[in-house]
Amino acid sequence: MDQSASGNDCKNNFCIDKLIAARKSLKLSLEKSRTLGLALEKAGPRLEEISQRLPSLEAAVRPIRADQDALVAVGGHINRAVGPAAAVLKVFDAVHGLEKSLLSDPSNDLPGYLSVLKRLEEALRFLGDNCGLAIQWLEDIIEYLEDNRVADGMYLSNLKTSLKGLRELQNDGERVHLDGGLLDAALDKLEKEFRRLLTEHSVPLPMSAPSLGEQACIAPSPLPVTVIQKLQAILGRLIANNRLEKCITIYVEVRSSNVRASLKALDLDYLEISISEFNNVQSIEGYIEQWGKHLQFAVKHLLEAEFNLCNDVFERIGLDVWMGCFAKIAAQAGILAFLQFGKTITESKKEPIKLLKLLDIFASLNKLRLDFNRLFGGAACIEIQNLTRDLIKRVIDGAAEIFWEIFVQVELQRQSPPPQDGSIPKLVSTITDYCNKLLGDDYRPILTQVLVIHQSWKHKKFQEMILVNEVSKIIKAVDLNLDTWMKAYGDTTLSCLFAMNCHWHLYKDLKGTKVGELMGDSWLKEHEQYKEYYSA
């Protein structure tokens with residue numbers, strides 16, 4: 001009994017141990033299941049993320065599945081495209097490296113500034129020549145990658161969009177896209193430096209009308225050689241960038257202003273006078289005398305200096321350029337106003353003194369003839385040439401017309417009554433004095449030249465004695481007037497008094513004069529005898 005019970009106890013204990021072991025195993029399994037569940041729960045989002053990335057990963061590894069020959073050739077295509085592109089980028093970096101120097105003040109170191117600017121121009125030329133090439137190579141490699149499917153389509157699409165934008169910028173031809181406007185900013189600074197150099201060295205000398213007697217020592221100070229060299233250096237770079245016209249505009253503005261300032265002290269307001277503002281030429285006789293002196297000063301000193309300076313500054317560019325520049329300076333400085341004043345005088349009413357003033361104008365212009373031909377002979381000065389020719393024609397025609405009318409006017413006066421008191425008629429003294437001036441050393445050569453030119457215009461041969469013959473005819477007409485007027489008196493005594501006065505005047509006042517020499521001693525003696533006769 002005891003053995004049997006003991007065996008059963010052992011058997012029961014064994015079963016309990018197994019149950020305990022099973023419980024532990026089950027518990028462990030439950031813990032593992034729980035752990036696995038938690039792990040699966042955490043792995044869910046990661047699996048979702050992997051699922052989403054699979055297409056891009058597939059695209060990334062697609063080139064590996066591409067044709068072997070295409071994969072081998074793509075390296076050469078890429079190298080050919082990257083070479084020019086890398087060179088272009090390197091030059092772009094160099095351009096940005098010049099920015100600080102080119103945004104500084106050129107006056108601090110003009111040669112250095114111009115050197116840096118030239119490097120920028122060379123860099124931009126390189127970019128202009130090679131940007132298109134680099135873009136073409138990149139477009140070719142994209143086309144190759146696309147045709148052989150050795151790159152992601154989205155990536156290629158983005159590249160094509162970028163290259164299209166670059167191609168559009170390159171095709172529109174605007175340089176600003178290459179340097180961000182740096183070249184234009186540098187050129188603007190050079191223009192300002194060009195103006196500054198001109199302005200600082202274009203200082204008119206103080207002058208006044210009384211100093212005109214010493215004209216030879218008055219002239220605008222010339223620009224120093226160093227300044228001219230700087231101006232030429234600046235011009236070189238500005239011309240290379242199509243800014244010559246702007247340079248000329250600046251130059252003309254500064255230098256013409258300087259000439260006007262030099263003339264301002266001469267009080268040239270009279271140049272603007274109109275015909276309605278004066279009664280006769282005699283009322284502005286003083287202005288006409290000033291006009292000749294002022295014109296000579298303006299041409300021989302001021303404009304002569306500008307002519308030479310234009311040549312010095314622009315000589316390397318060409319004759320047409322600097323002559324055109326000078327023509328603009330001359331016109332803006334006031335030469336046209338001088339010519340217009342002369343024209344105004346020619347349009348005034350005809351009177352004897354006007355002939356003398358026209359001869360004065362002709363003499364002034366004739367003295368400057370060689371200067372006018374040299375300074376204003378170019379095609380650029382056509383307006384000045386036309387106005388000058390027109391003025392000369394008006395002066396010659398006007399002077400000749402008045403001269404030939406003197407005899408007619410003397411004859412017309414014959415019909416007027418003599419002075420009631422028997423005194424000398426004003427016509428007699430006026431005409432004799434007038435003819436003496438025409439035959440004098442001051443006017444005779446000028447009037448002769450005027451008549452020669454006027455006759456040539458009419459295709460008539462000039463007769464050497466035409467001037468003296470006409471004056472002789474005028475004096476003889478005065479003689480006839482005296483005879484006519486003497487007979488007009490009803491009182492014989494008054495008639496004799498009139499004759500005595502007039503014959504004595506002709507003898508006394510013309511003896512030793514140009515008219516007296518022309519008419520001869522016998523003519524003078526005859527008037528002396530008439531004086532004695534009527535006096536008795």
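When every heavy atom of Gly324 is checked against every heavy atom of Ala380, the shortest pair comes out as CA-CB, 3.5 Å. Annotation for Ala399 and Leu355: closest pair O-CD1, 3.3 Å, computed over non-hydrogen atoms. Heavy atoms only, all atoms of each residue included: Ala330 and Leu303 are closest at CA-CD2, 4.0 Å. The minimum heavy-atom distance linking Arg444 with Leu467 is given by the pair CG-CD2, 3.7 Å. When all heavy atoms of Ser364 and Trp291 are compared, the pair lying nearest together is CB-CZ3, 3.8 Å. Across all non-hydrogen atoms, the minimal contact from Leu356 to Tyr443 is O-CE2, 3.5 Å.
Here salt bridge (charged side-chain N to carboxylate O under 4.0 Å, His left out) pairs that include residues 195-204, with residues two or more places apart or in two chains, are Glu193-Arg196, Arg195-Glu253, Arg196-Glu200.
Ring centroids of Tyr270 and His294 are separated by less than 6.0 Å, placing the two rings close together.
Of the possible donor and acceptor atoms, none in the side chain of Ser115 sits under 3.5 Å from a partner among the backbone N and O of Pro111. Side-chain N or O atoms of Glu405 include none that pairs as donor or acceptor with a backbone N or O of Glu351 at under 3.5 Å. At distances below 3.5 Å, at least one donor-acceptor pair connects side-chain atoms of His201 with backbone N or O atoms of Leu197. Distance alone, capped at 3.5 Å, is enough to place a donor-acceptor pair between the Thr344 side chain and the Gln340 backbone. Here the side chain of Tyr434 pairs a donor or acceptor atom with the backbone of Pro352 at under 3.5 angstrom. Under a 3.5 Å cut-off, the side chain of Glu304 and the backbone N or O of Leu375 do not form any donor-acceptor pair. Side-chain N or O atoms of Asn258 include none that pairs as donor or acceptor with a backbone N or O of Val254 at under 3.5 Å. The backbone N or O of Ile382 sits less than 3.5 Å from a side-chain atom of Asn386, completing a donor-acceptor pair.
Counting only heavy atoms from C-beta outward, the side chains of Ile228 and Leu309 approach each other to under 4.5 Å. Looking only at side-chain heavy atoms (C-beta outward), Ile453 and Phe362 come within less than 4.5 Å of each other. Phe338 places none of its side-chain heavy atoms less than 4.5 Å from the side chain of Val299. For the pair Glu383 and Leu336, the minimum side-chain heavy-atom distance is below 4.5 Å. A heavy-atom distance below 4.5 Å is not found between the side chains of Arg316 and Leu235. Looking at Leu447 and Leu439, their side chains never come closer than 4.5 Å, going by heavy atoms from C-beta outward. Two residues are said to be in side-chain contact when any heavy atoms from C-beta on lie closer than 4.5 Å; Thr346 and Asp397 fail this criterion. Two residues are said to be in side-chain contact when any heavy atoms from C-beta on lie closer than 4.5 Å; Leu358 and Ile396 fail this criterion.
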Practice prompt. Show the numbers, then the answer: is there a side-chain contact (heavy atoms from CB on, under 4.5 Å) between Arg260 and Gln332?
Written response: CA-CA 8 Å; Arg260 289 195 302 272; Gln332 294 185 21; 4.0 Å; yes

Practice prompt. Could you go through the side-chain contact (heavy atoms from CB on, under 4.5 Å) check for Ile446 and Asn366 one step at a time?
Written response: CA-CA 9 Å; Ile446 302 171; Asn366 195 47; over 6 Å; no

Item to complete: Please step through side-chain contact (heavy atoms from CB on, under 4.5 Å) for the pair Ile284 and Ile345, ending with a clear verdict.
Response: CA-CA 9 Å; Ile284 59 168; Ile345 301 304; 3.2 Å; yes

Item to complete: Dump the intermediate steps for side-chain contact (heavy atoms from CB on, under 4.5 Å) on Arg255 and Ser202, then the final yes or no.
Response: CA-CA 7 Å; Arg255 293 305 300 179; Ser202 297; 2.6 Å; yes

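A distance of 9.5 Å separates SG of Cys247 from CG of Leu231, quoted to the nearest 0.5 Å. With values rounded to the nearest 0.5 angstrom, Arg237 atom CZ is found 9.5 Å from Leu183 atom CG. The distance from atom CG of Leu263 to atom CG of Leu302, rounded to the nearest 0.5 Å, is 5.0 Å. Between the CG atom in Asn308 and the CG atom in Asn311 there is a gap of 7.0 Å [rounded to 0.5 Å]. Rounding to the nearest 0.5 Å places CG of Leu190 at 5.5 Å from CD1 of Ile234. In this structure, Lys367 NZ and Gln296 CD are separated by 6.0 Å, a value rounded to the nearest 0.5 Å.
Applying the salt bridge (Lys or Arg N to Asp or Glu O under 4.0 Å) rule to Lys354 yields no partners; only residues at least two apart in sequence or on another chain are considered.
Relative orientation of the Phe326 and Phe376 rings is parallel, given thresholds of 30° and 60° on the angle between their planes. Under the 30°/60° scheme for interplanar angles, the aromatic rings of Trp322 and Phe307 are found to stand perpendicular.
The 12-atom threshold is exceeded at CG of Asn108, counting heavy atoms of other residues, nucleotides or ligands nearer than 6.0 Å. Annotation for Tyr287: atom OH does not count as buried by contact number, only 12 or fewer foreign heavy atoms lying within 6.0 Å. For Arg374, the CZ atom sits in a packed shell: over 12 heavy atoms of surrounding residues, nucleotides or ligands are nearer than 6.0 Å.
Between Lys437 and Asp433, none of the side-chain N atoms (NZ, or NE/NH1/NH2) sits under 4.0 Å from a carboxylate O, so this pair counts as no salt bridge. In this structure, Asp188 pairs ionically with Arg243, as a charged nitrogen and a carboxylate oxygen lie closer than 4.0 Å. With salt bridges taken as basic N to acidic carboxylate O contacts below 4.0 Å, one links Asp360 and Lys357.
Under the side chain to side chain contact (heavy atoms under 4.5 Å, CB included) test applied with Leu295, the options Leu368, Ile361, Leu339 reduce to a single match, Leu368.
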